[in-house]
Amino acid sequence: FRRVLFRSPMAMGTPPQSFKVVYDTGSSNLWLNNQKPGFWPWSSKHPNYDHSKSSSYVANGTKFAIQYGSGPVSGVYSQDTVQIGDNKLVDYTFAEVDTLKGLGPAWLIGKFDGICGMGLDDISVDGVTTPLRALANSKALDANVFAFYLGHQSAGELIIGGVDETKYTGDFTYHPVVE
């Protein structure tokens with residue numbers, strides 16, 4: 001089966017700019033930091049998406065805001081080419097985030113540059129196409145499933161479009177998703 005295996009960062013733009021993202025099953029939007037790293041010790045040191053360096057960037061400018069348990073983050077929507085595994089999504093709508101105070105200390109010490117929501121379509125802020133829906137619509141996946149392997153003595157993996165049968169024993173039990 002075709003699958004997307006994540007052991008490397010996500011890329012955005014042309015040429016690609018690389019980012020480490022949190023794959024979050026509790027949200028459905030993709031956003032990347034667009035604040036340049038600061039000089040002061042308390043400033044963000046995260047890489048930033050710089051749309052001026054991307055020939056495939058398309059301005060949108062619509063305001064984006066999302067509320068996490070830790071607080072809000074906000075910015076603006078944009079479009080660009082995102083590379084997820086070996087798959088490219090052209091003109092994908094995502095958010096460039098410049099207000100990250102809602103993440104608190106997790107942002108200052110965390111080793112991530114954005115969040116890739118893995119949740120269902122109905123919780124996508126502003127009805128933006130989710131990364132998973134965009135991959136499914138592009139026919140890049142054999143199945144509309146994903147699986148996390150939380151590594152013990154090896155690196156963890158995220159597989160989209162199937163499962164790695166070498167990582168488990170037994171059978172899966174499927175249940176319908178309900179509201």
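Side-chain N or O atoms of Gln83 include none that pairs as donor or acceptor with a backbone N or O of Lys88 at under 3.5 Å. Under a 3.5 Å cut-off, the side chain of Ser74 and the backbone N or O of Ala65 do not form any donor-acceptor pair. Looking only at distances, no side-chain donor or acceptor of His51 sits under 3.5 Å from a matching main-chain atom of Asp80. Looking only at distances, no side-chain donor or acceptor of Glu165 sits under 3.5 Å from a matching main-chain atom of Lys167.
Residues passing the side chain to side chain contact (heavy atoms under 4.5 Å, CB included) test with Asp121, sequence neighbours excluded: Thr130, Arg133. Residues passing the side chain to side chain contact (heavy atoms under 4.5 Å, CB included) test with Lys36 are Asn48, sequence neighbours excluded.
Considering all non-hydrogen atoms of both residues, His46 and Pro37 come closest at O-CG, 3.3 Å. Contact record, Ser27 with Ile115: OG-CG2, 3.9 Å, taken as the closest heavy-atom pair. Here the shortest heavy-atom pairing between Thr14 and Ser54 reads N-OG, 3.0 Å. Of all the heavy atoms in Ile84 and Leu89, the pair that sits closest is CD1-CD1, 4.0 Å. Here the closest heavy-atom approach between residue Val145 and residue Gly162 is recorded as CG2-N, 3.6 Å. For the pair Gly170 and Tyr168, the tightest heavy-atom approach, listed with the atom from each and the gap, is O-CE1, 3.5 Å.
A centroid separation of less than 6.0 Å is found between the aromatic rings of Tyr49 and Phe94.
Summarising the geometry, atom CG belonging to Leu141 is positioned 11.5 Å from atom CZ belonging to Phe146; distances are rounded to the nearest 0.5 Å. To the nearest 0.5 angstrom, Thr129 atom OG1 is 12.0 Å from Asp91 atom CG. The structure places CG of Leu132 at 8.0 Å from OG of Ser28, a figure rounded to the nearest 0.5 Å. How far CG of Asn33 is from CG of Asp50: 11.0 Å, rounded to the nearest 0.5 Å. Rounding to the nearest 0.5 Å places NZ of Lys20 at 14.0 Å from CE of Met10. Taking CG from Leu100 and OG from Ser70, the interatomic distance works out to 10.0 Å, rounded to the nearest 0.5 Å.
Taken together through direct or relayed side-chain contacts under 4.5 Å among Ile, Leu, Val, Met, Phe, Trp and Tyr, Tyr77 and Val73 form part of one hydrophobic cluster. Residues Leu135 and Phe148 share a single hydrophobic cluster, defined by chaining ILVMFWY side chains whose heavy atoms lie under 4.5 Å apart. Placement of Leu32 and Val97 in two distinct hydrophobic clusters is found when ILVMFWY residues are connected by side-chain heavy-atom separations under 4.5 Å, directly or transitively. Linking ILVMFWY side-chain heavy atoms closer than 4.5 Å, directly or via other members, places Met118 and Val128 in two distinct hydrophobic clusters. Linking Ile, Leu, Val, Met, Phe, Trp and Tyr whenever their side-chain heavy atoms come within less than 4.5 Å leaves Phe19 and Leu103 in two separate clusters.
Using the six-membered ring where Trp is involved, Phe112 and Trp31 have ring planes that are perpendicular, over 60° apart on the 30 and 60° scheme.
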Open item on the list: Does Phe64 form a side-chain contact (heavy atoms from CB on, under 4.5 Å) with Asn29? I'd like the steps, not just the answer.
Closed with: CA-CA 10 Å; Phe64 166 79; Asn29 293 75; 4.1 Å; yes

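No side-chain N or O of Asp24 forms a donor-acceptor pair with one of Tyr68 less than 3.5 Å apart.
Under the side-chain contact (heavy atoms from CB on, under 4.5 Å) test applied with Thr81, the options Pro15, Ser56, Pro16 reduce to a single match, Ser56.
The side-chain heavy atoms of Met12 and Leu30, taken from C-beta on, include a pair separated by under 4.5 Å.
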